[in-house]
**Q** 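Sharing a structure, written as structure tokens. Questions coming.
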Amino acid sequence: MGLNEATRAPGGAAQEPFAPDLSVRIGPLVLANPVGVASGTFGYGEEYAALLDLDTLGALYTKAVTVEPRAGNPAPRLAETPSGLLNSIGLANPGLEAFIRDKLPALRARRCAALVNVAGATVDDYVRVVEGIEAAGGVDGYELNVSCPNVKSGGMAFGTDPALVALVTESVRRATKRTLVVKLSPNVTDIRETARAAEGAGADAVSAINTLVGMAIDVKARRPRLAMKTGGLSGPAVKPVGVAAVYRISRAVKIPVIGLGGIMTAEDALEYLLAGADAVQVGTATFADPGAAFHVLEGIEAWMREHRVARVSDIKGLLEG
Amino acid sequence: MGLNEATRAPGGAAQEPFAPDLSVRIGPLVLANPVGVASGTFGYGEEYAALLDLDTLGALYTKAVTVEPRAGNPAPRLAETPSGLLNSIGLANPGLEAFIRDKLPALRARRCAALVNVAGATVDDYVRVVEGIEAAGGVDGYELNVSCPNVKSGGMAFGTDPALVALVTESVRRATKRTLVVKLSPNVTDIRETARAAEGAGADAVSAINTLVGMAIDVKARRPRLAMKTGGLSGPAVKPVGVAAVYRISRAVKIPVIGLGGIMTAEDALEYLLAGADAVQVGTATFADPGAAFHVLEGIEAWMREHRVARVSDIKGLLEG
Amino acid sequence: MVRIDTELLSNRRVAEGYFELRFRWPAAAGAPVPGQFLTVRAREGSDPLLRRPFAFASHDGTRDEATIVIQERGSATRALATLEAGAKLDLLGPLGHGFAFPERGTEPVLVAGGIGVGPMLFLRAALDAAGVSSRFVLGARTAALVPEALLPRGAGVEVRTDDGSLGAKGTAADAVTALLPEARAALYACGPAPLMAALDRIAAERGWPYQAAVEEWMACGVGACMGCAVPLKGGGFLRACADGPVLDGSLVKWD
Amino acid sequence: MVRIDTELLSNRRVAEGYFELRFRWPAAAGAPVPGQFLTVRAREGSDPLLRRPFAFASHDGTRDEATIVIQERGSATRALATLEAGAKLDLLGPLGHGFAFPERGTEPVLVAGGIGVGPMLFLRAALDAAGVSSRFVLGARTAALVPEALLPRGAGVEVRTDDGSLGAKGTAADAVTALLPEARAALYACGPAPLMAALDRIAAERGWPYQAAVEEWMACGVGACMGCAVPLKGGGFLRACADGPVLDGSLVKWD
Ligand SMILES: Cc1cc2nc3c(=O)[nH]c(=O)nc-3n(C[C@H](O)[C@H](O)[C@H](O)COP(=O)(O)OP(=O)(O)OC[C@H]3O[C@@H](n4cnc5c(N)ncnc54)[C@H](O)[C@@H]3O)c2cc1C
Ligand SMILES: Cc1cc2nc3c(=O)[nH]c(=O)nc-3n(C[C@H](O)[C@H](O)[C@H](O)COP(=O)(O)OP(=O)(O)OC[C@H]3O[C@@H](n4cnc5c(N)ncnc54)[C@H](O)[C@@H]3O)c2cc1C
Ligand SMILES: Cc1cc2nc3c(=O)[nH]c(=O)nc-3n(C[C@H](O)[C@H](O)[C@H](O)COP(=O)(O)O)c2cc1C
Ligand SMILES: Cc1cc2nc3c(=O)[nH]c(=O)nc-3n(C[C@H](O)[C@H](O)[C@H](O)COP(=O)(O)O)c2cc1C
Ligand code: FES
Ligand code: FES
């Protein structure tokens, strides 16, 4: 007999207010609710502070942090496509040292969980970032961005090779006991293989999807819209790809799956939760509506109330067919 | 000195009417112009006859033909997503025998080129379809849909394994001297590998992209929108993925590349041509605007006139940066 | 079948969330018959992407006008509901196969469930014009969803609502069940699947012919994409757009 | 910085493809300064997806009103151009850093290229209000693209067109070059990159300060995404939205 039953009035007719439990456990970390903001779309939590109270959310996934400061890619870095956004920001970030000095204290003081998105060009880079932050007191968790080109394998992304995903995951795993999420690239033949590799190497969860490789051309100027030519596609356009990925991954691994890609509304988030996600992230939608993540959270809660669903993790069991 | 120069008036001021050459050579076949209609979106050319004069176009790529008749997948088979369409038609087709009897004569009588899209569950299936049509007099060419699950490798699509792409291409190559196009799946880590495999095995051209794996969930009904759960994503949403694929493929192989995925307008088609395509196909757009392919053709021609581009194959050279 | 840019002549709310759109339909476009449909592109651009199908609800060949009745559901119907007279409409039609007239000696019984009302209104008008009398049953959830202004005049018109707020309480199928089993009825229907399935059972029991206008998601609307598959009891599929939308209801697997 | 749903008060065409949108801007939203911008969500849904940035062209704190001047370019500006008074506007602002007032003893020279006119109009009005006299130069391709009704009144206003159809023939940069080199000018500008680059060269030569309002594609508009990178001569980038849009023009790599 779940909470569901327990709160039903004896006669079964008049229903008492029903309070769903929104918390979600990811590794050692308990998120207050399943909604986070995606890496690269919310900075380090400061810029949108006036517009959205982060502490109402479950988690902040920071912009990537690398060992050295990075200025990022040449401009232009953005191009809009039908229902989508191409970006080639290029991991612009202040680097580990400045991050620890300027950003970490505020992150550690947050009431919502803070997970630092980690990027690198070698396995050692990832380890150094995590070790550095751990030495500085740590944060709630880490999200490994394995979509970065690996210098040792000629620029092929870590995330496209299960063996490399396993290697980077297990190396970082040794550096921290905190929640470790591996963020999977959709630019692979079978995303279940990289998900299993992450699970086998000790990840507490996987998140999916990072951006799809895409390109747009300015026909008038006869040149690629992005200075880097290709970039990463995000936004509603990729939602079906993300939902399919989460559906497949969640049937291939036992660890939690964090779903993202094109979530604009609570209904979009519920697609991911029904498909098998344990939590979600809102990325590009924040650019259209700074309050998007909060509206998503409100809507999930309302839906759980309406359907008297006790826990977020129960939602995936409701998918029929 | 190209046509470009030759048609310029001596003084350089008053320009004479400029007539670009729209024809495109793909293997032994010369298409009257670069615009075709994509497989599965135009049937066998009959249904849209009242709305669009196919013979104004460069090519018709038919709905897939398999050895046996196929009723297709359970319903629903369609779901709209942001700027996209998910389908799981499932290769519904009358089968080789009925195709030869009922459809082939009209296709052979067409003035526009007709390429038969061929699908199968084994390499032998592909060969049998092509041999069957060749024995019945042949058509202008074949487009191999290698996105089908291969029964011998546990349902993994042919198109996700370069060795399998090579095998099916070279087997069909032995069965026909006519134009042979291999249609590549975007659901791979590196589409250049399957493109090179097709080229190495004797394909006259590759076409890209077929649909991306996607899924949509009806949150109200709490079930996948498609009876088959996952399906293939097409439409403007995937255009950046298609353009990136064509850009990469065209720098990896020497054979022509036929670009498709989300082309709605002439500008979209020009993105593909600038990215490196030699010809294009219009698919999902026809559903929104039955005249889409024709408008794309008109627009390409107007653009070539305006920019005094002599040949379609010159367009790719105009990409800067 | 033509694709035309035509003009919206009027748009009026006829029930909660229901709108009747009257538009110019030139003779050159071809006269639609009841059961046939058109597709409309609600907006340029890609959101919504596909054309949306709607059944003709009337056609006036002398004035070159036709109507559809739509229910607001999602982005396309929301956009259509807000259009004002004078707006341009990108239409494609008439599409599909319509209803066949009843055989002599049978009494047509027209059953509309919810927004299935459009094609049944058109059929009623065509039967009236041919001097064939018919019964007309409309089922709706509640009175607010009944487009009263559109209901046919004359005898044999009945409304049922789930909550009894208009007409007798019950479903349209109940009204059909209440007919004499000995009647030689010819059933015509358009509505939600449970209604269509119930009518199939009644028709089978009583040996009545049953012409059903089906709904399925459509992409092309002209028979080219195989997207609108309607599953059949005997296995296999028919295309809602090109083989239907009016099908022999006894063949369809209503599940 | 706030996100507000506010009301369009008027929308008028001020040149070919140029529109001035006047809307309610409540005091609680914060008073914008010249050079600051807002972002607008042109439509719900995903086409267009991103908010679009526009510079404030005026602000009237006593009437709680503000304006932007937009040029029709693509889907968002097309949608905005057709809005009518009373329409709801989803706005976010004021964003970014505006212009600093000139140092004593320098004469502000305001240069607007094309649709760069909005922020320069606002700056001119602010200088006027502060009793600081300024020169105002507007460059446009042709007379039809000059929003004459918006041009500042008073002395020192000059128009240049590429084809000489209004004002002297030439570019806005030509007008600046024609100033006495000995003048102690303070340049302020917003316009296309070639104009901005030309002004940079003039400013460098003559040792004039140069405040430039830059344009870059934006996603967040608040400094979070690093998308709007403006390349600097010395390497590295500044964010157009949060570090700008008004930057020291001598630092920017205009190429
Ligand atoms: C032959 C035919 C005739 C039709 N005639 C009419 C008519 O006369 N009046 C009328 O109002 N509607 C009619 N429909 C249904 C109409 O096409 C849909 O309501 C419309 O496409 C919804 O578009 P939307 O963008 O507003 O909603 P969407 O956002 O596309 O969908 C909203 C919801 O409506 C439901 N829905 C939408 N389209 C369909 C569909 N084709 N089949 C089943 N469920 C669907 C789904 O549950 C979906 O979640 C007809 C459909 C067909 C196939
Ligand atoms: C800080 C700032 C202030 C601005 N102020 C104004 C203003 O006051 N008035 C005004 O009309 N416009 C202004 N713009 C530009 C305005 O944002 C774009 O014109 C608008 O986003 C175009 O949207 P669209 O959907 O209509 O066109 P789209 O379809 O998005 O683009 C059409 C074409 O316009 C060009 N373009 C669009 N946006 C940009 C951009 N951000 N940077 C460079 N090129 C672009 C591109 O060439 C593109 O192909 C400003 C931009 C910035 C960054
Ligand atoms: C501007 C931008 C910057 C991004 N930066 C990062 C990053 O630094 N690290 C990372 O793992 N993902 C990054 N992403 C990917 C997003 O976190 C997310 O995976 C992707 O955008 C899909 O989600 P969405 O459609 O909700 O945006 C970035 C995305 C965007 C749009
Ligand atoms: C309804 C539908 C049916 C399709 N059937 C086939 C098919 O039989 N064989 C094939 O190779 N591709 C098939 N495709 C894929 C298209 O040919 C094309 O590759 C894809 O839709 C991307 O192009 P688009 O975005 O222009 O539609 C189908 C696509 C759709 C939408
Ligand atoms: S909608 Fe395409 S076949 Fe019916
Ligand atoms: S637009 Fe996001 S940082 Fe400037």
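Chain identifiers are assigned alphabetically (A, B, ...) following the order of the sequence lines, protein sequences preceding nucleic acid strands; residue numbering begins at 1 within each chain.
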**Q** Is there a donor-acceptor pair under 3.5 Å between the side chain of A:N210 and the backbone N or O of A:S147?
**A**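 It does not hold such a pair.
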**Q** Taking side chain to side chain contact (heavy atoms under 4.5 Å, CB included) as the test, write out the residues that go with A:S88, two or more places apart.
**A**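 Counting only residues at least two positions away or on another chain, A:S88 forms a side chain to side chain contact (heavy atoms under 4.5 Å, CB included) with A:N73, A:R77, A:L226, A:M228.
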**Q** Report which part of A:T81 has an atom under 4.5 Å of a heavy atom belonging to chain B: side chain, backbone, both, or neither.
**A**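 Interface part for A:T81: side chain.
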**Q** Please identify, among A:L212, A:D190, A:I217, A:L318, the residue contributing the most non-hydrogen atom pairs under 4.5 Å to chain B.
**A**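 Of the candidates given, the most pairs with chain B belong to A:I217.
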**Q** Strictly less than 4.5 Å between heavy atoms, which residues of residues 258-270 of chain B line up against chain A? Please order them by number.
**A**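 Within residues 258-270 of chain B, near chain A: B:E267, B:L270.
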**Q** Counting only heavy atoms not in B:R222, do more than 12 fall under 6.0 Å of its CZ?
**A**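 Enclosed: over 12 neighbouring heavy atoms sit under 6.0 Å from CZ of B:R222.
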**Q** If you count heavy-atom pairs within less than 4.5 Å of chain A, which of B:A216, B:G214, B:A275 leads?
**A**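 Heavy-atom pairs under 4.5 Å are most numerous for B:G214.
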**Q** Among B:V241, B:D161, B:T189, B:V243, which residue has the highest count of heavy-atom pairs closer than 4.5 Å to chain A?
**A**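 Result: the option with the highest number of such pairs is B:T189.
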**Q** Do any N or O atoms from the side chain of A:D289 and from the backbone of A:T286 form a donor-acceptor pair under 3.5 angstrom?
**A**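 Not at all, since once roles are kept as given, no pair shorter than 3.5 Å links the two residues.
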**Q** Can you find a pair of side-chain heavy atoms, one from A:E271 and one from B:V219, that are under 4.5 Å apart?
**A**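 With C-beta onward as the side chain, the pair touches.
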**Q** Might you work through the salt bridge (Lys or Arg N to Asp or Glu O under 4.0 Å) test for B:D278 and B:K316, ending with a clear yes or no?
**A** CA-CA 8 Å; B:D278 298 87; B:K316 58 167 85 89; 2.6 Å; yes
**Q** Select, from A:P186, A:G84, A:S83, the one with the greatest count of heavy-atom pairs under 4.5 Å involving chain B.
**A**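 When all of A:P186, A:G84, A:S83 are compared, A:S83 has the most.
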**Q** Could you check whether any side-chain N or O of A:N187 sits under 3.5 Å from a backbone N or O of A:V213, counting only pairs where one atom can act as donor and the other as acceptor?
**A**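 Looks like yes, one N/O pair under 3.5 Å.
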**Q** Can you check whether A:Y247 reaches A:L319 side chain to side chain, under 4.5 Å on heavy atoms?
**A**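 Yes - at least one pair of side-chain heavy atoms lies under 4.5 Å apart.
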**Q** Considering only heavy atoms, which portion of A:K220 lies under 4.5 Å from any heavy atom of chain B: side chain, backbone, both, or neither?
**A**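 Neither; nothing under 4.5 Å.
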**Q** If you count heavy-atom pairs under 4.5 Å with chain A, which of B:L233, B:L273, B:T230 comes out on top?
**A**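 Option with the greatest count: B:L233.
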**Q** As an exercise: rank B:A221, B:S185, B:G235, B:P82 by heavy-atom pairs under 4.5 Å with chain A and give me the winner.
**A**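 Looking at each option in turn, the highest pair count goes to B:P82.
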**Q** Specify which of A:A227, A:G242, A:P236 makes the most heavy-atom pairs with chain B at under 4.5 Å.
**A**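 When all of A:A227, A:G242, A:P236 are compared, A:P236 has the most.
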**Q** For a quick test of reading the model, state the closest non-hydrogen atom pair linking B:V282 to B:A292 and the distance between them.
**A**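 Heavy atoms of B:V282 and B:A292 come nearest at CG1-CB, 4.2 Å.
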**Q** Without hydrogens or angle criteria, can the side chains of B:S234 and B:T211 be said to hold a donor-acceptor pair below 3.5 Å?
**A**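 No donor-acceptor contact under 3.5 Å links the two side chains.
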